[in-house]
Each structure stands twice: as C-alpha cells, then as structure tokens.
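This report refers to the structure that appears directly beneath it.
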Protein chains: 2
Amino acid sequence: MRLLPHPATEDIELTEVLRALSDPVRLEITIRLAIAGEMNCTTAADHLGVHKSTASHHYRALREAGVVETKQEGRLKYMSLRRTDLDARFPGLLDAVLHAANRPSRRPVSAHQADARA
Amino acid sequence: MRLLPHPATEDIELTEVLRALSDPVRLEITIRLAIAGEMNCTTAADHLGVHKSTASHHYRALREAGVVETKQEGRLKYMSLRRTDLDARFPGLLDAVLHAANRPSRRPVSAHQADARA
DNA sequence: AAGTCAGTTTGATGGGCATCAAACTTTTGC
DNA sequence: GCAAAAGTTTGATGCCCATCAAACTGACTT
C-alpha cells in the first residue's frame with residue numbers, strides 16, 4: 001500500500017483547482033468522491049462515456065491540482081478528496097462547488113459539529 | 001446607456017464560471033471588481049501586462065460565463081460583478097473564491113502583509 | 001508460466017484558447 | 001469634418017488539452 005506523489009498543501013494553487021474542476025468529467029468524479037468517499041479509479045469514472053485512458057488523464061489532472069489523493073492497494077488505485085487540505089487552504093470553496101453542482105456531500109462530521117447540531 | 005447581452009441567471013453554468021475564474025488574468029479582474037465595484041475596462045485590466053485586445057477577450061469570457069455585467073456609457077464600458085445572480089445560483093462560491101484568492105500561495109504571511117495585498 | 005485485471009503511457013488528432021498586432025467602430029472633443 | 005480615445009474584431013501563431021487507440025506495466029490468479 002503506497003501513496004503516490006502529490007503537491008503539498010501550501011503548493012495547491014487556486015487557479016489550478018478551479019481549472020481542474022471546470023471540466024465536466026473531472027467535476028463529476030469529484031462529486032462522486034464527495035458522496036461516496038474513497039473509490040477506485042474504474043468505479044469513479046464508471047458510465048462516464050470516456051475511454052479509460054482519457055479517464056486516467058483526468059485522474060492525473062485532479063491529483064496534480066491537489067484535488068484528490070491516490071493510493072495504491074494491490075492492483076487497485078483508490079482516490080479520495082483532499083478535503084482537509086482544500087478546506088484549510090481555500091475555506092468553503094469545495095463545499096460551495098459541491099453545493100453548486102446540486103449534489104450535497106456526505107462529510108465526516110466531527111464530534112464538535114455533532115454536538116452543536118444536537 | 002445600454003446594457004450588453006448576458007446569459008440569464010438560470011443559464012449560468014458552474015463549469016463555465018469555474019473555467020472563467022481559472023485564468024489568472026480573469027481572476028485578477030474579478031478580484032478588482034469585487035474590491036472596487038464597477039470599473040471601466042481599461043481600469044480593470046490596468047498594469048496586467050496584456051495587450052488591450054487580449055484583455056477584451058477576457059472581458060467577453062467573463063461576460064459570457066455570467067460572471068460580469070457590462071454596460072456602455074458614452075465611449076466607456078463599465079463592468080461589474082453579477083454578485084446577486086452568482087450568489088443566487090451558486091451560494092458561497094464567489095465569496096469562497098475571492099477569499100481564497102487573497103491568500104498568497106507559498107510562504108505564510110503575517111496579517112499585516114496580507115492586508116497590504118496589491 | 002500464462003492470462004487477466006487495473007490503470008498508465010505514448011502517439012495521433014482535433015479543437016480551443018491566450019496572446020499580439022493591426023484594422024475597425026463608436027463616441028467625444030476641437 | 002477630423003482626430004483622439006476606448007474597446008472590439010479579425011488574423012496569425014503557438015500552446016495546451018480532451019479524446020481515442022494501442023502498447024505497456026505491475027499485481028493477482030490459475
């Protein structure tokens with residue numbers, strides 16, 4: 001189980017994140033990751049109508065922009081949103097984009113937030 | 001004084017807005033409009049280091065994406081952010097982008113420097 | 001060892017886009 | 001009317017990018 005190289009949090013650039021999310025296929029992948037959490041690549045791009053090599057390019061674009069994190073387990077690669085990093089660097093941006101895409105995200109709720117909600 | 005054609009609020013597409021904002025020049029123009037409000041085109045793109053025809057293309061890109069509104073008064077054209085429309089359609093998105101854009105990318109800076117942002 | 005599975009890389013293609021330069025349009029001022 | 005100012009449009013250039021197809025890699029299976 002090894003992690004692939006990603007940009008450090010402080011190296012994530014706003015314009016690159018916006019550019020990454022401005023492609024419909026990549027936005028859809030991002031939404032799926034937000035809803036379902038960690039997914040392998042094939043699942044993330046299932047029924048998107050793009051060739052697997054095209055999808056692979058999108059995975060790379062998302063990873064290099066700092067939007068997703070990829071780790072390999074066996075012969076599968078699992079992607080997940082870099083939620084903490086993105087929220088730290090660009091507070092509210094990811095939530096606004098996901099909400100704008102009209103598909104609410106299932107965030108892990110901290111104990112603190114859970115208390116405040118009750 | 002006449003208004004130029006713009007997309008209706010409900011026709012503003014998320015991916016197009018993200019794409020429009022993903023260009024550094026257009027993002028800078030957007031930030032200036034957010035800070036200073038309505039500005040004419042030349043002022044908005046002052047000292048950006050791009051030719052006026054290039055700037056004009058960016059105005060169009062921002063307008064067609066639904067980010068800005070343009071009205072002509074005399075021989076000047078004034079641009080302004082479509083804040084209300086954007087907030088209605090994508091709540092929190094514009095604010096998150098503007099807030100994110102205020103953070104310098106690499107070195108963490110003091111609040112003093114952050115306030116003196118150019 | 002051979003085959004399969006998951007995903008990447010490479011090559012080719014077509015389209016879009018950021019840029020500048022030059023010509024054009026519209027409005028204002030002399 | 002003529003010229004200047006403010007943008008736009010058009011043309012040219014070069015780059016980047018989304019896409020597919022085919023070859024490749026690394027890991028598991030039989």
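Just so it is clear: chains get the letters A, B, ... in the order the sequence lines come, proteins before strands, and each one is counted from 1.
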Of residues 54-63 of chain B, the positions that come close to DNA chain D - non-hydrogen atoms, cut-off under 4.0 Å: B:S56, B:H57, B:Y59
Do any side-chain nitrogens or oxygens of B:R19 fall under 4.0 Å of OP1 or OP2 in C:dA18? yes
Check whether B:L76 and B:M79 end up in the same hydrophobic cluster, where Ile, Leu, Val, Met, Phe, Trp and Tyr are linked by side-chain heavy atoms less than 4.5 Å apart. no
Nucleotide nearest A:V25 (side chain, heavy atoms from C-beta), chosen from C:dA18, C:dT19, D:dT19: D:dT19
Between B:R89 (side chain only) and B:I12 (backbone N and O only), is there a donor and an acceptor less than 3.5 Å apart? yes
Among the nucleotides D:dA18, C:dT8, D:dT19, whichever has the atom closest to the side chain of A:R26 is D:dA18
Rounded interatomic separation in angstrom, taking CG from A:D46 and P from C:dC5: 15 Å
Thinking salt bridges, do A:E73 and A:K71 make one under a 4.0 Å N-O criterion? yes
For nucleotides 22-30 of chain D, read 5' to 3', which letter fits each nucleotide if B means a protein heavy atom sits under 4.0 Å from the base, S means only the sugar-phosphate is that close, and - means neither? B----BB--
Identify, between A:V50 and B:N40, the residue whose nearest nucleotide on DNA chain D lies closer to the 5' end. B:N40
Round to the nearest Å and state the distance from A:L76 atom CG to C:dT8 atom P. 11 Å
Applying a strict under-4.5 Å side-chain criterion to I, L, V, M, F, W and Y, I'd like to know whether A:V25 and A:Y59 cluster together. yes
For residues 43-53 of chain B, which side-chain donor-acceptor pairs fall under 3.5 Å, sequence neighbours excluded?
{"unit_1": "B:T43", "atom_1": "OG1", "unit_2": "B:N40", "atom_2": "OD1", "d": "3.0"}
{"unit_1": "B:T43", "atom_1": "OG1", "unit_2": "B:N40", "atom_2": "ND2", "d": "3.1"}
{"unit_1": "B:H51", "atom_1": "ND1", "unit_2": "B:S53", "atom_2": "N", "d": "3.1"}
{"unit_1": "B:H51", "atom_1": "ND1", "unit_2": "B:S53", "atom_2": "OG", "d": "3.0"}

Protein-nucleotide distance (B:D23, atom CG; D:dC17, atom C1'), rounded to Å: 15 Å
What distance separates B:R82 CZ from B:T70 OG1, expressed to the nearest 0.5 Å? 10.0 Å
